Amino acid sequence: MSRIPLAVVTGGAGFIGSHTVDALIAAGFRVCVLDNFSTGKRSNLAQHANSDRLDIVTCDVAHGIFAALAPITAQHGPVERIVHLAAQVSVVASVANPLVDMQINYGGTLHVLEYARAQGVKKVAFASSAAVYGDVVEMPVREDTPRQPVSPYGIDKLASEFALDYYASVHGVPTTALRFFNVYGPRQDPTSPYSGVISIFADRAKAGRGLTIFGDGSQTRDFVYVGDVVRAIVAALGDGNSRLIANVGTGSEITVLELARTVVDLCGRKSTIEHAPARSGEILKSRARVDRLSEKLGVVAETRLVDGLRATLS
Ligand code: NAD
Ligand code: UD1
């Protein structure tokens, strides 16, 4: 049996997941990725093609993870830690298909927690979301702000947080829920109409094509660079505390209109900016309070938006 600690990353072929795999392998873990490749890509993990530290297993978390992990643990020993990122990630898609969102985003979390309980996993770090808050008047949003999600996606992320807390308190599974704000950076897939706004704007602006803003563009988001998010994930995995919930953002917000102008400026092409009707189920304002992230996990999201945008555009 190998003595290298084994970490599972669900959704590890995706945007945040593949950066997480890079960091965990660099930190000395053996990693097993579970992914159904609905939005994730093997090419995101191509840099580890010659590594004996990475296994990639096709698996739908909505159907359970025991069978997928059995051959891996038979070879490498028990799973020590799980980063649970696999999800249907679009707020808009969750409004159109709430049952699918529930099966993947809530059901998948229950399957992961059942595995962690049965196998004595030492930590489950979960990708929650700023979407659990819904429309909050007072900014920045604190972790104890009342949660009033306005989309099925936000509801399923909040239900997952409750499940984490239940498994921690009743079954002793150590858990951390990280409420990511709007994550951006290289490898974010721009090809779906539901993709993250920075990936879409960057893709279009680089080609000199027009950008579309849904609504008047006054909605704000706290955009956090993927490298900073990964540092929070790694810190949460190694953190001895359980039942921690922490925002992962920068503490700053920018309007979508200002973002569009910044991306166009950085690209130096003459893209037009047009407006289309606002999307339903969306929050209007979003900015994280980040004291807990720095105090409990020692992480400060320090990448400036302009630097993160340059890295994304390059
Ligand atoms: P992504 O789409 O790149 O990654 C999701 C990954 O999960 C993909 O590899 C996909 O193939 C996989 N997946 C989807 N359904 C699956 C299933 N049923 N079984 C197994 N794998 C499945 O998106 P991302 O931005 O990297 O998101 C990662 C996590 O972070 C998600 O849980 C998302 O809800 C959360 N999150 C993201 C943001 C953001 O701004 N990107 C913000 C808050 C929370
Ligand atoms: C995003 C994440 C979600 C996460 C949440 C946390 C994605 C796809 N969604 O949701 O997983 O939980 O942050 O805060 O990563 N917009 C435009 N034009 C476009 C695309 C988007 O104007 O071409 C606008 C949207 O209407 C929205 C804003 O940009 O107001 C951000 O949209 P989007 O990137 O889809 O993210 P969220 O809905 O905030």
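Nothing here was measured: the structure is a model prediction, and the numbers come from that model. Indexing begins at 1, ligand by ligand and atom by atom, following the structure's order.
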Using a 4.0 Å cutoff against the non-hydrogen atoms of [X], which atoms of ligand 2 qualify?
X: G196; value: 8 (C), 15 (O), 34 (O)
X: R221; value: 27 (C), 30 (O), 31 (C), 39 (O)
X: F201; value: 18 (N), 19 (C), 23 (O)
X: V256; value: 22 (O), 28 (C), 29 (O)
X: T212; value: 17 (C), 18 (N), 19 (C), 22 (O), 23 (O)
X: F180; value: 6 (C)
X: S195; value: 8 (C), 35 (O)

Of all the non-hydrogen atoms in the protein, which one sits nearest to [atom], and at what distance?
atom: atom 20 (C) of ligand 2; value: V197 CG2, 3.6 Å
atom: atom 27 (O) of ligand 1; value: V89 CG1, 3.6 Å
atom: atom 25 (C) of ligand 2; value: E282 OE2, 3.2 Å
atom: atom 9 (O) of ligand 1; value: D35 OD2, 2.5 Å
atom: atom 24 (C) of ligand 2; value: Q219 NE2, 4.0 Å
atom: atom 29 (C) of ligand 1; value: L85 O, 3.2 Å
atom: atom 19 (N) of ligand 1; value: V61 N, 3.0 Å
atom: atom 35 (C) of ligand 1; value: A127 CB, 3.8 Å
atom: atom 34 (O) of ligand 1; value: Y153 OH, 2.6 Å
atom: atom 1 (C) of ligand 2; value: N182 ND2, 3.5 Å
atom: atom 5 (C) of ligand 2; value: S129 OG, 3.8 Å
atom: atom 35 (O) of ligand 2; value: R279 NH2, 2.9 Å
atom: atom 38 (O) of ligand 2; value: V91 CG2, 3.9 Å
atom: atom 2 (O) of ligand 1; value: T39 OG1, 2.6 Å
atom: atom 18 (N) of ligand 1; value: D60 OD1, 2.8 Å

Any N/O pair [X]/ligand 2 closer than 3.5 Å:
X: S286; answer: no
X: Y194; answer: no
X: V89; answer: yes

For ligand 1, which part of [X] has a heavy atom less than 4.0 Å away: the side chain, the backbone, both, or neither?
X: I16; value: both
X: F37; value: backbone
X: A130; value: neither
X: H84; value: neither
X: A131; value: neither

Check for me whether [X] has a heavy atom closer than 4.0 Å to any atom of ligand 1.
X: S128; value: yes
X: A13; value: yes
X: D189; value: no
X: Y184; value: no
X: K41; value: no
X: C59; value: yes

Is there a polar contact, in the sense of an N or O pair closer than 3.5 Å, between [X] and ligand 1?
X: F15; value: yes
X: N36; value: yes
X: S129; value: no
X: F180; value: no
X: G14; value: yes
X: V183; value: yes
X: G12; value: no

Please state which option from F223, F214, F15 has its nearest heavy atom closest to atom 22 (O) of ligand 2.
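Nearest heavy atom to atom 22 (O) of ligand 2 lies in F214.
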
Grouping I, L, V, M, F, W and Y whenever their side-chain heavy atoms are under 4.5 Å apart, do [X] and [Y] come out in a common cluster?
X: V61; Y: L85; value: no
X: I283; Y: I254; value: no
X: V21; Y: V83; value: yes

Please identify which atoms of ligand 1 are closer than 4.0 Å to at least one heavy atom of [X].
X: N182; answer: 40 (O)
X: F181; answer: 40 (O), 42 (C), 43 (C)
X: I104; answer: 15 (N), 18 (N)

In terms of side-chain geometry, is the basic nitrogen of R292 or E295 positioned less than 4.0 Å from the acidic oxygen of its partner?
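So R292 does not pair with E295 through a salt bridge.
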
Salt bridge D22-R187, side-chain N to carboxylate O under 4.0 Å
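Salt bridge between D22 and R187, a charged N being under 4.0 Å from a carboxylate O: yes.
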
Check: [Y] main-chain N/O paired with [X] side-chain donor or acceptor under 3.5 Å:
X: N182; Y: R221; value: no
X: R231; Y: V300; value: yes
X: T10; Y: A86; value: yes
X: E80; Y: V121; value: no

Is any side-chain heavy atom of D239 closer than 4.5 Å to a side-chain heavy atom of K123?
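They are in contact (side-chain heavy atoms under 4.5 Å apart), so the answer is yes.
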
Minimum side-chain heavy-atom gap Y115-L110 below 4.5 Å
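Side-chain contact under 4.5 Å: no.
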
Once salt bridge (charged side-chain N to carboxylate O under 4.0 Å, His left out) is applied, what residue pairs with a partner in residues 161-176 remain, sequence neighbours excluded?
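Pairs touching residues 161-176 that pass the test: E161-R179, D165-R243.
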
Crowding at CZ, R261 (>12 non-hydrogen neighbours, <6.0 Å):
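No, not enclosed.
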
What are the two closest non-hydrogen atoms of H76 and D55, and how far apart are they?
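Looking at all heavy atoms of both residues, the closest pair is NE2-OD2, 3.3 Å.
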
Can you pull out every ring pair (Phe, Tyr, Trp, His ring centres under 6.0 Å) where at least one residue sits in residues 170-222? Sequence neighbours excluded, please.
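As it turns out, the ring pair (Phe, Tyr, Trp, His ring centres under 6.0 Å) pairs with a partner in residues 170-222, which skip direct neighbours, are Y166-H171, Y167-H171, Y184-Y225.
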
